[in-house]
Structures are given as structure tokens and as C-alpha cells.
Amino acid sequence: NVIVRYGGNSLYSCININTSSLTISNSTVEYSAEDGIDVYNASTIITGSVVRNNNNNGIYLDSSTVATISGNTIRGNGEYAIYVDDGAINSTASISGNTISGNVYDGIRLIGGVLSVPATWVPDAPYVIGYSVTVAAGATLIIQPGVVVKFPANSRLSINGTLTADGTPEQPIVFTS
């Protein structure tokens, strides 16, 4: 139960986690001049927290990060709720149960990379593909009913492994631009 606010500047976020392990739970991260939480080369759990009203992304994952992001409220941020850089693409396996609303982009931005672990995309918010996301041979991506996957210009999802996408009439899976 920690409140972190008004941190960061044009280079740093409220909380920067670099090459270490950290659990953030039942806390509030707000009003950063940059991203709310930046995670680089680290193993991090963010759960039951509120990440809101930060100038850029709510949570930014980069460079070999392994993160579990679950049960959070991510709202009112100036960019994406969650931004996943190509080095952290395997962290998408552990994003679930979040409430995402009121961000400039209510989505999970996947800038690209190779998904090499089993992952399940859940309908917390749209997944926005940047450039190219590839499901590697031997890996499985399960897309749950109700998920929206968005493809801006020049982006793609390549499947070399297994894709399971079984929507329902009530909750179709939508691939769109």
C-alpha cells in the first residue's frame, strides 16, 4: 500500500525497475511526467494496483522483461495502458484481469517480436500490433472470445507455431485495422 505520484521527468518514469525483481501490489502510481512504471530486464509482478493519469504509458515493458500484470486498474494515461516493446513480447503471457479505460489508447501495444512461450490473450483491452509479431514454432497463442486484435498500417501477425482463436456468436474474436 504505497502511493507514488508526481515522479519522473522527460527521461524517467515514476518507477523504473531495471535488472531486479520487484512486486508492486495494492499501490497507486500516478501523475508521472513520463510512463507510470517502466520495467527493463527485470522480473516484476504488478497486481491489485491503480496506474493512472501519467503523461505517457501506464506500464512500459522492455528488453527481456518477464512481468505478471493482473488485477490492476489502468486509466487516464496519455498513451497506451500497457506498451510492450519487442524484447518483452513474452510478457503478454501474463497480462490478465485488468480494468483498462480512459487512456488515450485503451489498448495493449505490442511493438513486435517473437512470442516463444505459450500465451493467452484475454479481452482486457484491444491488442494493437506494431510491425510484426510472430508466434514461434513450438509456441501456442490462444486468443480468448471477445478479444480485439488491431493492425495499423504495415503490421502483421505471423504464425509458425499454433494459433487457437475460437470466438462465440456472443463474443467474437475480431481482427481489424
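In this text the structure is predicted, and so the values were computed from the model without any measurement.
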Worksheet item: Counting N and O atoms only, with roles assigned by atom type, does the side chain of S94 sit under 3.5 Å from a partner on the main chain of T68, one being a donor and the other an acceptor?
Response: no
Worksheet item: Which residues pass the side-chain contact (heavy atoms from CB on, under 4.5 Å) test with T44, sequence neighbours left out?
Response: I17, V39, A42, I46
Worksheet item: Quick check: does any side chain N or O of S27 sit under 3.5 Å from a backbone N or O of I24, one acting as donor and the other as acceptor?
Response: no
Fill in: Co-membership, hydrophobic cluster, residues Y60 and V29, 4.5 Å side-chain
no
Worksheet entry | Over 12 non-hydrogen atoms of neighbours within 6.0 angstrom of CG in N154 | no
Worksheet item: So how far is it from I3 CD1 to E30 CD, rounded to the nearest 0.5 Å?
Response: 6.5 Å
Fill in: Heavy-atom donor-acceptor pair, T176 side chain to V174 backbone, under 3.5 Å
no
Item to complete: Apply side chain to side chain contact (heavy atoms under 4.5 Å, CB included) to the pair L61 and I89, showing each step before the final yes or no.
Response: CA-CA 9 Å; L61 306 176; I89 189 72; over 6 Å; no
Fill in: Donor-acceptor pair between N57 and D35 side chains, under 3.5 angstrom
yes
Worksheet item: Say you draw a straight line from OG1 of T99 to CZ of R75; how long is it, rounded to the nearest 0.5 Å?
Response: 10.0 Å
Practice prompt. Only pairs at least two apart or in different chains count here, so list each ring pair (Phe, Tyr, Trp, His ring centres under 6.0 Å) that has a residue in residues 124-147.
Written response: W121-Y127
Donor-acceptor pairs are to be reported for all side-chain atoms of residues 102-114 against protein atoms at under 3.5 Å, with residues two or more places apart or in another chain.
unit_1, atom_1, unit_2, atom_2, d
N103, OD1, G76, N, 3.4
N103, OD1, N77, N, 2.9
N103, OD1, N77, ND2, 2.9
N103, ND2, I74, O, 3.1
N103, ND2, S101, O, 3.4
N103, ND2, D106, OD1, 2.9
D106, OD1, G102, N, 3.3
D106, OD1, N103, N, 2.9
D106, OD2, G102, N, 3.1

Worksheet entry | Whether N72 side chain and S49 backbone form a donor-acceptor pair below 3.5 Å | yes
Discussion item. Please tell me whether S116 and N90 have a donor and an acceptor in their side chains that are separated by less than 3.5 angstrom.
Written reply: yes
Discussion item. Keeping S32 on the side-chain end and S13 on the backbone end, is there a donor-acceptor pair under 3.5 Å?
Written reply: no
Worksheet item: Is a side-chain N or O of D124 found less than 3.5 angstrom from the main chain of V122, in a donor-acceptor match?
Response: no
Worksheet, complete the sentence: Contacts satisfying ring pair (Phe, Tyr, Trp, His ring centres under 6.0 Å) that involve residues 136-177 (not counting sequence neighbours) are none
Worksheet item: Among pairs that include at least one residue of residues 30-49, which meet ring pair (Phe, Tyr, Trp, His ring centres under 6.0 Å), considering only residues two or more places apart or in two chains?
Response: Y6-Y31
Sequence neighbours left out, cut at 3.5 Å: what donor-acceptor pairs do the side chains of residues 132-144 make with other protein atoms?
unit_1, atom_1, unit_2, atom_2, d
S132, OG, R156, NE, 3.3

